[in-house]
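So that the names make sense, note that chain A is the first sequence line, chain B the second, and so on, each numbered from 1.
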Amino acid sequence: ETGVTQSPTHLIKTRGQQVTLRCSSQSGHNTVSWYQQALGQGPQFIFQYYREEENGRGNFPPRFSGLQFPNYSSELNVNALELDDSALYLCASSLKGGKPSNYGYTFGSGTRLTVV
Amino acid sequence: GESVGLHLPTLSVQEGDNSIINCAYSNSASDYFIWYKQESGKGPQFIIDIRSNMDKRQGQRVTVLLNKTVKHLSLQIAATQPGDSAVYFCAEMNSGGYQKVTFGIGTKLQVIP
């Protein structure tokens with residue numbers, strides 16, 4: 001069994017630039033969710049992808065967008081980066097309708113994005 | 001490494017003692033209540049969950065208690081070890097619709113050797 005892997009682990013971007021973060025799902029999972037975690041806070045839900053379509057979104061502007069591929073991997077794209085976008089971006093894979101248990105909803109280690 | 005526990009409430013416990021971490025939740029409609037452990041530089045790690053129709057569930061060295069009357073969730077860790085030092089988040093999830101995990105405010109647990 002493989003876990004959730006994210007790349008890159010760290011990234012520094014300049015305000016106004018665009019960034020793409022990547023996530024590979026855990027084997028057997030078909031749903032991917034993205035979260036933003038600011039320093040000292042809990043993760044905040046950005047959106048979820050299932051069957052290559054966005055099927056749920058949190059309170060984030062349209063410049064946050066994503067993709068899911070046929071192999072269930074996913075990308076998070078952020079355009080026009082702002083200083084407040086600096087955070088740890090977490091990907092979680094799951095099985096649609098699954099339970100929260102360790103194999104049902106699994107988080108990756110995240111990508112630390114710093115916007116300067 | 002950087003700390004995910006910056007400015008979070010902190011609980012300091014002597015090694016070997018029991019720890020109790022508390023959480024107040026807001027959404028009574030959630031199907032699952034979950035505890036996650038997050039170490040510095042890592043993503044949240046599932047510890048234990050409890051369905052909304054239960055009031056207690058035990059795992060290995062951990063017990064979760066759910067009081068729906070006062071919307072309170074607690075995590076008890078028995079015989080706390082240095083490896084338990086981390087930030088702990090309570091969270092809620094609905095099994096219907098899309099699965100979104102809503103995290104509460106974290107608590108930083110410091111185990112004193």
With a cut-off of 6.0 Å (strictly less than), are more than 12 heavy atoms of other residues, nucleotides or ligands near CZ of R15(A)?
-> no
Can you establish whether the number of heavy atoms outside I112(B) located under 6.0 Å from its atom CD1 is more than 12?
-> yes
Measure Y35(A) against the heavy atoms of chain B and call it side chain, backbone, both or neither at under 4.5 Å.
-> side chain
State whether the side chain of Y105(A) and the backbone N or O of Q99(B) hold a donor-acceptor pair below 3.5 Å, judged by distance alone.
-> yes
Residues, nucleotides or ligands: over 12 heavy atoms within 6.0 Å of Y72(A) OH = no
How about K96(A): does its NZ atom have over 12 heavy atoms from other parts shown lying under 6.0 Å from it?
-> yes
Is it possible for you to say whether F89(B) and W35(B) belong to one hydrophobic cluster, with membership spreading through side-chain heavy-atom contacts below 4.5 Å?
-> no
Can you tell me how far NZ of K100(B) sits from CD of Q44(A), rounded to the nearest 0.5 angstrom?
-> 8.5 Å
Among the options G58(A), S94(A), S109(A), pick out the one with the most heavy-atom pairs lying under 4.5 Å from chain B.
-> S109(A)
Take atom CG of N59(A) as the centre, draw a 6.0 Å sphere, and report whether it contains more than 12 heavy atoms from other residues, nucleotides or ligands.
-> no
Note: vs chain B, highest number of non-hydrogen pairs under 4.5 angstrom among G42(A), A92(A), S33(A) is G42(A)
Contacting moiety of L95(A), where chain B heavy atoms sit under 4.5 Å | backbone
I34(B) versus chain A, heavy atoms under 4.5 Å apart: side chain, backbone, both or neither?
-> side chain
